[in-house]
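Side chains are part of it too, since the values below use all heavy atoms of this structure and drop only hydrogens, waters and symmetry mates.
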Amino acid sequence: MYKIGFDNDKYKSMQSERIRERIDEFGGKLYLEFGGKLFDDFHASRVLPGFQPDSKLQMLLKLKDEAEVVIVISAQDIEKAKLRGDLGITYDDDVVRLIGEFTDIGLMVGSVVLTKYAPSEKIQTFEDRMKKLGYPVYHHYVIEGYPSNLAKIVSDEGYGKNDYIKTSRKLVVVTAPGPGSGKMATCLSQLYHENKRGIKAGYAKFETFPIWNIPLKHPVNLAYEAATADLNDVNMIDPWHLEAYGKTTVNYNRDVEIFPVLKAMFEKIYGESPYKSPTDMGVNMAGNCIIDDEACCEASKQEIIRRYFTALCANAKNARNSEEIYKIELLMNQADISVSYRKCTVKSRELAKATNQPAAAIELNDSTLITGKTTELLGCSSAMLLNALKHLAGIDDSILLINPEVIRPVQKLKVNYLGNKNPRLHTDETLLALSISAVTDKNAAAAMNQLKNLKNTEMHSSVMLNEVDSSVLKKIGVRVTCDPKNK
């Protein structure tokens with residue numbers, strides 16, 4: 001059952017204020033490494049119900065007159081045509097998308113930085129593309145011995161060789177299409193250059209997860225580990241913070257491991273480090289905005305199970321991700337859950353066993369479970385979708401929303417003319433047929449009006465869904481898991 005557990009308005013207010021405070025702490029100039037997704041943080045919205053996917057962006061808008069954005073991309077990622085898995089576009093195309101998104105809402109994009117720069121035809125094409133859009137491109141280079149050779153890194157032969165990025169605002173938000181782009185190194189390089197010019201500037205890090213001021217094994221933090229299981233990230237107690245302040249906080253392994261190097265870099269740049277721990281570097285206020293811990297725990301447990309099924313299905317498609325699966329199984333044990341904790345999973349499997357056919361089940365926001373079985377006209381997801389809409393609209397289960405005589409010509413078209421072997425209607429075809437029926441049928445119209453109420457519901461299919469069904473259900477807002485089977 002979906003319940004709000006996070007105060008989004010409080011978050012936007014507290015978070016922007018905390019960043020302003022950090023700017024002032026450093027004398028009026030801050031480089032903020034912005035981790036995670038700015039526009040579409042759906043993971044955060046799933047595990048912190050009430051968090052809006054664009055919350056971080058809306059928070060930045062409160063600072064838009066003081067902020068400019070620097071977008072970082074690794075030249076090596078351009079060469080490899082690296083893809084954003086969630087969007088299916090290359091990192092260089094995503095830079096263009098990010099520029100458009102930022103500028104459309106009134107945020108200033110100051111420049112683009114090419115890290116690990118080496119000249120090539122592909123890189124030059126990208127630079128030409130940026131210059132046509134009107135954005136300067138700066139080059140940062142691979143530093144031999146990074147990150148351990150501090151003497152070279154913090155010198156004119158290290159950071160000093162990088163281009164100095166010209167900025168004009170108090171807050172410089174350093175973001176990227178994805179991890180490994182070089183955001184932190186870009187920030188530290190700028191600190192080196194600013195210090196040489198006699199300009200006082202600071203660095204801070206903004207990552208939503210793990211949340212530093214909730215327990216290490218809190219389901220919200222476990223869900224973050226599940227989300228990054230393929231990267232082998234591990235949440236851990238920040239030993240630096242514990243030693244410095246005697247307080248337990250949560251960070252993750254990469255920041256804890258790199259902190260001695262960062263501390264030494266700060267000392268070489270400033271003479272002393274402004275931070276005593278990785279936690280000190282962060283400005284995240286999300287933990288202060290949880291208003292219903294139970295709701296966030298429940299949402300996070302569901303997310304861990306969803307990640308598990310996603311990994312299982314990827315493995316069934318030859319992803320060879322057994323380590324990822326094993327790690328999520330350990331996280332499920334720590335959260336004291338199994339797949340049977342997910343009620344729609346249990347229900348769909350029961351129906352599949354009873355009918356010996358693929359089956360689906362959905363848990364609505366009022367906790368009602370609705371099922372759908374495979375028929376000669378409809379796939380199980382389509383049947384489940386219609387049954388759920390009928391329930392929400394208060395329509396008797398015996399009433400047909402779509403006349404079979406409407407469905408059969410569509411089946412004929414699919415098989416005889418479009419080359420499909422499966423005549424059953426997929427969810428997109430079902431919704432099209434329903435919308436046509438709604439023109440003359442008040443029940444179909446009433447059912448269509450209930451589509452909005454499927455947002456944030458939980459669904460399970462006893463077989464892997466095809467691309468079309470997965471995409472349609474995702475657009476509606478249904479959170480889908482599947483057993484790793486084709487039939």
Visitor: Quick check against the 3.5 Å criterion: does Asn456 have a side-chain atom that pairs as donor or acceptor with the backbone of Tyr2?
Guide: no

Visitor: Determine whether the side chains of Gln58 and Lys12 contain a donor N or O and an acceptor N or O closer than 3.5 Å.
Guide: no

Visitor: Between His218 (side chain only) and Val220 (backbone N and O only), is there a donor and an acceptor less than 3.5 Å apart?
Guide: yes

Visitor: Closer than 4.0 angstrom, basic N to acidic O: yes or no for Lys3 and Asp292?
Guide: yes

Visitor: Does NZ belonging to Lys475 count more than 12 external heavy atoms closer than 6.0 Å?
Guide: no

Visitor: If you count heavy atoms of other groups shown closer than 6.0 angstrom to NZ of Lys452, is the number above 12?
Guide: yes

Visitor: Count the heavy atoms of every other residue, nucleotide or ligand shown that sit under 6.0 Å from NZ of Lys276, and state whether that count exceeds 12.
Guide: no

Visitor: Do Asn8 and Ser55 meet the criterion of a side-chain donor-acceptor pair at a distance under 3.5 Å?
Guide: yes

Visitor: Does a donor on one side chain and an acceptor on the other come within less than 3.5 Å for Thr279 and Lys247?
Guide: no

Visitor: Quick check for you: to the nearest 0.5 Å, what is the distance between Leu231 atom CG and Asn253 atom CG?
Guide: 10.0 Å

Visitor: Do the rings of Tyr224 and Tyr252 sit parallel, tilted or perpendicular, given the 30° and 60° boundaries?
Guide: perpendicular

Visitor: With a 4.0 Å cut-off, would you call Arg197 and Glu194 a salt bridge?
Guide: no

Visitor: Kindly check if the number of other-residue, nucleotide or ligand heavy atoms within 6.0 Å of NZ (Lys29) is above 12?
Guide: yes

Visitor: Please report the interatomic distance CG(Asp238) to OG(Ser277), rounded to the nearest 0.5 Å.
Guide: 4.5 Å

Visitor: Which heavy-atom pair separates Met130 from Val95 by the least distance, and what is that distance?
Guide: SD-CG1, 4.0 Å

Visitor: With a cut-off of 6.0 Å (strictly less than), are more than 12 heavy atoms of other residues, nucleotides or ligands near CD of Glu267?
Guide: yes

Visitor: Pairs under 3.5 angstrom only: tabulate donor-acceptor contacts from the side chains of residues 66-73 to other protein residues two or more places apart or in another chain.
Guide:
residue, atom, partner, partner atom, Å
Glu66, OE2, Arg20, NE, 3.2
Glu66, OE2, Arg20, NH2, 3.4
Glu68, OE2, Ser168, N, 2.5
Glu68, OE2, Ser168, OG, 3.4
Glu68, OE2, Arg169, N, 3.0

Visitor: Among side-chain atoms of Tyr326 and Asn321, is any donor-acceptor pair under 3.5 angstrom?
Guide: no

Visitor: Just to verify, what does Tyr146 make a side chain to side chain contact (heavy atoms under 4.5 Å, CB included) with, not counting sequence neighbours?
Guide: Ile143, Ile153, Tyr159, Ala185, Met265

Visitor: Would Arg84 pass as a cation-pi partner of Tyr91, given that its NZ or CZ must be under 6.0 Å from the six-membered ring centre and within 45 degrees of the axis?
Guide: no

Visitor: Counting N and O atoms only, with roles assigned by atom type, does the side chain of Thr115 sit under 3.5 Å from a partner on the main chain of Ser181, one being a donor and the other an acceptor?
Guide: yes

Visitor: Using atom types as modelled and distance alone, determine if a side-chain donor or acceptor of Asn221 lies under 3.5 Å from a backbone N or O of Pro215.
Guide: yes

Visitor: When you compare the side chains of Gln190 and Tyr164, does any donor N or O come within less than 3.5 Å of an acceptor on the partner?
Guide: no

Visitor: Would a distance-only check, ignoring hydrogens and angles, find a side-chain to backbone donor-acceptor pair under 3.5 Å from Gln15 to Val283?
Guide: yes

Visitor: Applying side chain to side chain contact (heavy atoms under 4.5 Å, CB included), name anything that partners Ser13, two or more places apart in sequence or on another chain.
Guide: none

Visitor: So, applying side chain to side chain contact (heavy atoms under 4.5 Å, CB included) with Thr427, which one of Val472, Leu432, Ile476, Asn466 is it?
Guide: Val472

Visitor: Please find the pair of heavy atoms, one from Ser435 and one from Met448, that lie closest to each other, and give the distance.
Guide: CB-CE, 3.8 Å

Visitor: Under 3.5 Å, is there a donor-acceptor pair between the side chain of Ser382 and the main chain of His426?
Guide: yes

Visitor: Counting N and O atoms only, with roles assigned by atom type, does the side chain of Asn284 sit under 3.5 Å from a partner on the main chain of Trp212, one being a donor and the other an acceptor?
Guide: no

Visitor: side-chain hydrogen bond (donor to acceptor under 3.5 Å, both in side chains): which pairs involve residues 299-310, sequence neighbours left out?
Guide: His43-Glu303, His43-Arg307, Arg46-Glu303, Glu298-Gln302, Gln302-Arg342, Glu303-Arg306, Glu303-Arg307, Arg306-Glu458, Tyr308-Glu329

Visitor: Under 30°, 30 to 60°, or over 60°: which ring-plane class applies to His241 and Tyr245, parallel, tilted or perpendicular?
Guide: tilted

Visitor: Quick check: are there more than 12 heavy atoms from other residues, nucleotides or ligands sitting under 6.0 Å from CZ of Arg320?
Guide: no

Visitor: Look at atom CD of Gln124 and say whether more than 12 heavy atoms of other residues, nucleotides or ligands are closer to it than 6.0 Å.
Guide: yes

Visitor: Report yes or no: do Asn213 and Asn288 form a side-chain donor-acceptor pair below 3.5 Å?
Guide: yes

Visitor: Does Asp255 pair with Lys205 as a salt bridge, N-O distance under 4.0 Å?
Guide: yes

Visitor: In Å and rounded to the nearest 0.5 Å, what is the CD1 to CG distance from Ile328 to Leu222?
Guide: 12.0 Å

Visitor: Ignoring hydrogens and angles, tell me if any N or O in the side chain of Asp77 forms a donor-acceptor pair with the backbone of Lys82 under 3.5 Å.
Guide: no

Visitor: Any salt bridge (Lys or Arg N to Asp or Glu O under 4.0 Å) involving residues 95-118? Give me the pairs, sequence neighbours left out, ordered by first then second residue.
Guide: Asp94-Arg97, Arg97-Glu101

Visitor: Which value, rounded to the nearest 0.5 Å, describes the distance between Asn453 atom CG and Lys455 atom NZ?
Guide: 11.0 Å

Visitor: Examine distances only and state if a side-chain atom of Ser45 and a backbone atom of Phe42 form a donor-acceptor pair shorter than 3.5 Å.
Guide: yes

Visitor: Quick one: do the Asp93 and Thr90 side chains pair a donor with an acceptor below 3.5 Å?
Guide: yes

Visitor: Can you name the residues that form a salt bridge (charged side-chain N to carboxylate O under 4.0 Å, His left out) with Glu21, not counting sequence neighbours?
Guide: Arg18

Visitor: Please determine whether the number of non-hydrogen atoms from other residues, nucleotides or ligands lying under 6.0 Å from atom NZ of Lys122 exceeds 12.
Guide: yes

Visitor: For Tyr275 and Tyr203, indicate whether the former's side chain and the latter's backbone hold a donor-acceptor pair under 3.5 Å.
Guide: yes

